[in-house]
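Report on the following structure.
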2 protein chains.
Amino acid sequence: MTSSPAAPDPAPHAVGARGDLFDPLCPTRRLLDRIGTKWTSMVVKVLAEADPAEVRFAELRRRMPGVSQKMLSATLQSLARDGLVARRVEPTVPPRVHYRLTPLGLSLDAPLAAVRAWAEQHMPEIDRANRAADESAADRNDEQ
Amino acid sequence: MTSSPAAPDPAPHAVGARGDLFDPLCPTRRLLDRIGTKWTSMVVKVLAEADPAEVRFAELRRRMPGVSQKMLSATLQSLARDGLVARRVEPTVPPRVHYRLTPLGLSLDAPLAAVRAWAEQHMPEIDRANRAADESAADRNDEQ
DNA sequence: CCGAATCCTGAGGGATACTG
DNA sequence: CAGTATCCCTCAGGATTCGG
């Protein structure tokens, strides 16, 4: 991905004059850079489905097996920076930090749900296609 | 990305009891690994909107400023492997190779369109959030 | 309990040159 | 024209450690 933390945007010039959806500023490209990042979409999904909308860091982590604290932390920062999640700190000791989706973040869940639906419905076909491709490759190896 | 060329799928086991969307085999994760890849979604979009559904390699390349032949080639291979695009070779000399979306690939354009729509509609808000975050950061630097 | 800082690797992806 | 091979650099992201 291109963005995430530390992307100074080295090119302050006008990139493409017109609505060139194909320059690095293409909104779709930029959004995909975000949600394509490993844990982002998962956080959005988990928070979108969380019943008390607010979830603590540790709880969030428990609901996402496999995520490291570093990446969860980084992902949440990124999302907060983008205005997709909100942070609330309880000034207790030790501090309790809660996260929830903002309305903007919640609205992102809709297109993401579409993607999820497509994935669950069609990934088997993709797997079949892959197996077929592998077989053809094997065949070409078997050829005399 | 996890997949692409050379992904032996080391785990032939049952995909987690049930809808464990959180193991590496999560369909959504795998799909995002694909469409999150830099040029994939662009190819799908371009091919979905192409009027003669079939487009030659060079033409495709012209419609996607910035893509290198290497990456376009790799992307098309990947998509073909996944059964999302079909390749047709005209046995002339020099050879002409045409690409088009399969029905599966075409169906993927729907959820992608949803993502595109969201992006164009909401990226400005994200940009605003980012600027706001930057300002707060600057403020914290200005503090005495 | 929450998160920042550092180290290290593996893979994505650009530029260029070569083959059929 | 289409595709492959090589070089190289950047960066996601995992493990670990330190701080408040």
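Numbers restart at 1 for each chain; the letters A, B, ... are given by sequence-line order, proteins then strands.
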message: At under 4.0 Å between heavy atoms, how does the protein contact nucleotides 1-8 of chain D? Give one character per nucleotide, 5' to 3', with B, S or -.
response: SSSS-B--

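Between B:Asp82 and B:Arg30 there is no salt bridge, since no side-chain nitrogen of the basic residue lies less than 4.0 Å from a carboxylate oxygen of the acidic one. A salt bridge is absent between B:Arg131 and B:Asp127; no separation between the charged side-chain nitrogens and carboxylate oxygens falls under 4.0 Å. The residues B:Asp33 and A:Lys38 are annotated as not salt-bridged, no charged nitrogen and carboxylate oxygen being separated by less than 4.0 angstrom.
At least one side-chain heavy atom of A:Ile126 sits under 4.5 Å from a side-chain heavy atom of B:Arg34. Proximity of B:Tyr99 to B:Leu76: side-chain heavy atoms (C-beta onward) are separated by under 4.5 Å at one or more points. Between B:Thr102 and B:Val85, every side-chain heavy-atom pair lies at or beyond the 4.5 Å cut-off.
B:Met71 has its CE atom 15 Å from the C1' atom of C:dT16, to the nearest Å. Whole-Å rounding puts the A:Leu72 CG to C:dC1 P distance at 15 Å. Between the P atom of C:dG12 and the CZ atom of A:Arg29 lies a distance of 14 Å, rounded to the nearest Å. Rounded to whole angstrom, the span from the CE atom of A:Met64 across to the P atom of D:dG14 amounts to 10 Å. The CZ atom of B:Arg34 sits 12 Å away from the P atom of C:dG12 (whole-angstrom rounding).
Taking a pair as Watson-Crick or G-U with both hydrogen-bonding distances under 3.5 Å, the stems of three or more pairs touching DNA chain D are C:1-20 with D:1-20.
A side chain to side chain contact (heavy atoms under 4.5 Å, CB included) with A:Leu84 is found for one member of A:Leu106, A:Leu104, A:Asp109, A:Val44 and no other, namely A:Leu104.
Of the side-chain N and O atoms in A:Thr37, none sit less than 4.0 angstrom from OP1 or OP2 of D:dA12.
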Run the side-chain donor-acceptor check on residues 46-60 of chain B: report pairs under 3.5 Å with partners two or more places apart or on a different chain.
| residue | atom | partner | partner atom | Å |
| --- | --- | --- | --- | --- |
| B:Glu49 | OE1 | B:Lys45 | NZ | 3.4 |
| B:Glu49 | OE2 | B:Lys45 | NZ | 2.7 |
| B:Glu54 | OE1 | B:Arg88 | NE | 3.1 |
| B:Glu54 | OE1 | B:Arg88 | NH2 | 2.7 |
| B:Glu54 | OE2 | B:Arg88 | NE | 2.9 |
| B:Glu59 | OE1 | B:Arg62 | NE | 3.4 |
| B:Glu59 | OE1 | B:Arg62 | NH2 | 2.0 |
| B:Glu59 | OE2 | B:Arg62 | NH2 | 3.0 |
| B:Glu59 | OE2 | B:Arg63 | NE | 2.6 |
| B:Glu59 | OE2 | B:Arg63 | NH2 | 3.2 |

